[in-house]
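Here is the naming used below: chain letters follow the sequence lines, and residue numbers restart at 1 for every chain.
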Amino acid sequence: MPPLLPESAIIDEIIPQTPDTTLFRLLPKERVKRLHAADFSPGQFLQLSLPGAGEIPVSYCGAPGEDGCIELCIKKAGHVTEFLHSRSIGSVAGVHGAYGNGFPLGIMAGHDIVLIAGGLGIAPIRSLLMSLLTRASLYRSITLLYGARTPDQFVFRDELILWQSSTALKTLFAVDRSDGVVSSGTLSYTTGMLNMAVAELSLHEGCIAALCVPPAAYPGIITELKKQGVEDENIHLSLERRMQCGVGRCAHCAVGTMLCCQDGPVFSYAGLRGIQGAI
Amino acid sequence: MKNRRFLLVGSDFEPFCMALYGQGGIHIPKICADGGVRFAHPVEGELPDLSLIRTILPLKKYLFPPKDKVLSYSQDNGYQPVEYNSGKLLIFGVHPCDLAAISYLDKIFLNGEPDAFYLPRRKSLALIGVSCMPDKYCSCGDIASPMPADCDIFLYKIETGYMVSCESDEGSAILSPLSPFLHETDILPPESTRDNFSLNSVEKFPDDLSGVSSELQEMARSCLGCGACSICCPTCYCFDLLELPSLNGERAERFRIWDNCLYQSHAEVAGGYNFRKARTERFDYRYRHKYLGFGQLQGIMSCVGCGRCIANCPAGLDLRPLACKALKESSHAATSP
Ligand SMILES: Cc1cc2nc3c(=O)[nH]c(=O)nc-3n(C[C@H](O)[C@H](O)[C@H](O)COP(=O)(O)OP(=O)(O)OC[C@H]3O[C@@H](n4cnc5c(N)ncnc54)[C@H](O)[C@@H]3O)c2cc1C
Ligand code: SF4
Ligand code: SF4
Ligand code: FES
């Protein structure tokens with residue numbers, strides 16, 4: 001089990017993505033050490049502390065790497081996240097983790113993989129995609145579907161443009177409202193809800209889907225995936241819940257009788273069948 | 001003296017207590033000046049009132065205080081745990097339900113990596129249990145609990161006084177100096193409320209409450225959302241973390257404070273989305289936590305039947321009949337073809 005006490009890290013890079021969302025790169029405060037929290041698998045999360053403000057759960061959005069750097073993509077949403085956005089390079093942060101179950105990378109080799117992200121759900125999905133792309137030939141195909149509310153809400157825009165022209169994966173970007181625009185720089189996208197975009201994917205049996213979308217978007221997307229023959233066992237979703245402790249002790253995050261922080265946040269849809277209020 | 005039993009005759013109870021008090025910090029159940037029943041320090045010569053049925057707050061107040069400083073932050077040292085050093089505290093007169101509740105809290109906070117704040121507090125407590133007479137709010141006899149009512153010393157009420165059972169090394173250390181009052185016996189302990197605990201054959205409550213939805217809605221309609229039922233519950237332990245900075249921002253303190261699943265904010269996340277917006281959903285959550293158990297404690301009912309939630313609900317609500325009805329209907333469904 002990782003330590004429950006926050007380890008000291010510093011903010012090494014701050015890269016604004018949209019007016020309210022920023023990518024933060026964290027390194028250990030003492031450079032020679034490696035943070036325990038830097039060892040993770042895509043889909044897991046860590047607890048981020050800002051001294052004086054508090055602690056919040058955040059998904060890893062980068063690929064686990066040798067350099068021990070932790071990437072977090074965070075949206076201003078309240079007390080702690082606003083405070084984080086007022087910090088500068090060199091500011092101290094506390095981290096502990098990694099917590100929870102990530103995406104089942106081990107079963108993905110040899111399959112068609114479809115990744116579906118809505119809004120900030122791109123954070124854990126980017127982590128998974130970057131891991132897949134390090135050994136892209138292992139997978140039959142990789143498709144990324146990413147929806148944002150409006151064109152200016154896309155984060156990781158430079159990467160989206162690279163992925164769009166890469167042969168290693170297929171991309172499909174969608175916005176709820178385009179306000180008349182059909183491309184933003186070199187990024188092209190369609191207009192329509194995410195589930196409509198899923199309908200256009202033409203998936204095959206045996207396809208493995210990984211999703212992280214806003215709570216209200218799950219039912220429509222899952223219906224669409226099932227319609228295309230994707231099996232319940234092969235749909236993996238990352239769920240959000242209010243979390244305080246991250247380690248199964250504060251009793252806030254139950255999904256049925258499972259705990260999102262320990263049994264999730266990534267669940268297979270088959271494991272959620274029949275659980276009221278799960279999605 | 002461990003695993004041995006002794007008789008304590010009624011007339012020796014007072015000198016026994018006084019000698020026990022001489023050993024150090026002790027709390028007993030008593031009616032306090034404001035009329036509330038609490039575990040608290042005895043005043044000079046005051047005997048524990050073992051006829052009191054239930055204290056307002058259970059023993060979780062010692063192990064997991066309502067507001068507990070857990071971490072302190074300074075620029076030089078980063079986050080550091082707050083050390084807890086306090087001497088031994090003996091709690092005299094704990095009912096089996098409250099003992100069983102501690103066994104449950106131990107599972108939450110000590111399984112895996114022990115919680116650094118709970119562990120030292122738990123180690124500092126010595127427990128003397130006592131058998132009791134249930135009242136109309138108690139339900140330990142209706143739904144047996146799988147949790148053991150463990151303690152260091154247990155007092156069974158008998159006609160001539162008490163049968164004192166020594167159950168740990170710590171109990172032994174406490175009782176040794178008191179041996180002039182104790183007469184060893186090999187009589188088996190009498191039947192008592194303690195028999196309602198440590199039971200293997202426990203009911204399997206159903207996963208969903210759709211069979212009792214009208215009762216659930218009725219309850220949700222009357223609930224004030226005050227949270228009293230979980231504040232006073234010995235096995236409710238939801239908490240929030242709260243961090244407060246010093247004025248110059250160089251130091252900070254982090255607190256763990258009790259939260260409550262009957263509050264609307266319990267499942268609210270950033271952006272305003274609420275996973276349990278409706279009151280029925282919050283009752284459903286409470287039901288699942290109490291009767292089904294979460295995470296690693298799935299399948300372990302945590303209600304120990306102490307009756308506090310019922311006795312303290314200003315709207316007179318009681319989740320127990322609803323759970324029992326759901327149980328009955330599900331076992332019906334299981335047995336009928
Ligand atoms: C597994 C997981 C992964 C997440 N990953 C990301 C991410 O990659 N990027 C990102 O921007 N956000 C992420 N979030 C959401 C993020 O935790 C919340 O935005 C954050 O807690 C809001 O805190 P605040 O103090 O700014 O807001 P406030 O509304 O002021 O929150 C006050 C308190 O409520 C709690 N809280 C509020 N919202 C949430 C929430 N959604 N989840 C859990 N607790 C909450 C927190 O404990 C917080 O201290 C994730 C949440 C979870 C559960
Ligand atoms: S649910 Fe009620 S009766 Fe059961 S342990 Fe909690 S307070 Fe006591
Ligand atoms: S004590 Fe009664 S009124 Fe208050 S939250 Fe509990 S059920 Fe509702
Ligand atoms: S976040 Fe505390 S139990 Fe899951």
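With chain B as partner, the option from A/Gly277, A/Gly78, A/Ala251 having the largest number of non-hydrogen pairs under 4.5 angstrom is A/Ala251. Note: A/Ala53 leads A/Gly248, A/Ala53, A/Ala77 in heavy-atom pairs under 4.5 Å with chain B. When A/Gln276, A/Lys29, A/Glu55, A/Met258 are compared by the number of non-hydrogen pairs under 4.5 Å with chain B, A/Glu55 comes out ahead. By number of non-hydrogen pairs under 4.5 angstrom with chain A, the leading residue of B/Asp207, B/Asp259, B/Asp208 is B/Asp259.
At a heavy-atom cut-off of under 4.5 Å, chain A is reached by B/Ala252 from residues 246-253 of chain B, listed in order of number. Contact annotation for residues 270-282 of chain B against chain A (heavy-atom separation below 4.5 Å, listed by residue number): B/Ala270, B/Tyr273, B/Phe275, B/Arg276.
Under a cut-off of 6.0 angstrom, the local environment of CD in B/Gln296 is sparse, with at most 12 non-hydrogen atoms contributed by other residues, nucleotides or ligands. Around CZ of A/Arg149, the count of heavy atoms belonging to other residues, nucleotides or ligands within 6.0 Å does not exceed 12. B/Lys61 NZ: more than 12 foreign heavy atoms inside a 6.0 Å radius.
In this structure, the side chain of B/Gln298 engages the main chain of A/Thr257 through a donor-acceptor pair within 3.5 Å. Between the side chain of A/Arg241 and the backbone N or O of B/Ala267 there is no donor-acceptor pair closer than 3.5 Å. Listed for the B/Tyr285 side chain is a donor-acceptor partner under 3.5 Å among the backbone atoms of A/Ala254. Using a distance-only test at 3.5 Å, with no hydrogens or angles considered, a donor-acceptor pair links the side chain of A/Arg242 to the main chain of B/Ser265.
Side-chain contact between A/Ser8 and B/Tyr79 is absent, with no heavy-atom pair separated by less than 4.5 Å.
Separation of atoms CD (B/Gln80) and CG (A/Leu5) is listed at 6.0 Å; rounding is to 0.5 Å. Expressed to the nearest 0.5 Å, how far CG of A/Leu259 lies from CG of B/Leu297 amounts to 8.5 Å. Distance check, rounded to the nearest 0.5 Å: CD of A/Gln244 to CD1 of B/Ile257 gives 8.5 Å. Here the NE2-CZ distance, from A/His252 to B/Phe294, works out to 11.0 Å after rounding to the nearest 0.5 Å.
Only the side chain of B/Leu71 comes within less than 4.5 Å of a heavy atom in chain A; its backbone stays farther off. Of the two parts of B/Asp240, the backbone and the side chain both hold a non-hydrogen atom closer than 4.5 Å to a non-hydrogen atom of chain A. A/Ile275 does not touch chain B: none of its heavy atoms, backbone or side chain, sits under 4.5 Å away. Both the backbone and the side chain of B/Tyr237 come within contact range of chain A, each with at least one heavy atom under 4.5 Å from a heavy atom of that chain. When heavy atoms are compared at a cutoff of 4.5 Å, A/Lys75 does not approach chain B at all. For A/Cys261, no part sits under 4.5 Å from any heavy atom of chain B, backbone or side chain. The part of B/His289 that comes within reach of chain A is its side chain, from C-beta onward, which places non-hydrogen atoms under 4.5 angstrom from that chain. For B/Cys261, no part sits under 4.5 Å from any heavy atom of chain A, backbone or side chain.
For the pair B/Phe109 and A/Arg249, the tightest heavy-atom approach, listed with the atom from each and the gap, is O-NH2, 3.4 Å.
In the model, A/Ser49 has a side-chain atom that pairs as donor or acceptor with a side-chain atom of B/Arg254 under 3.5 Å.
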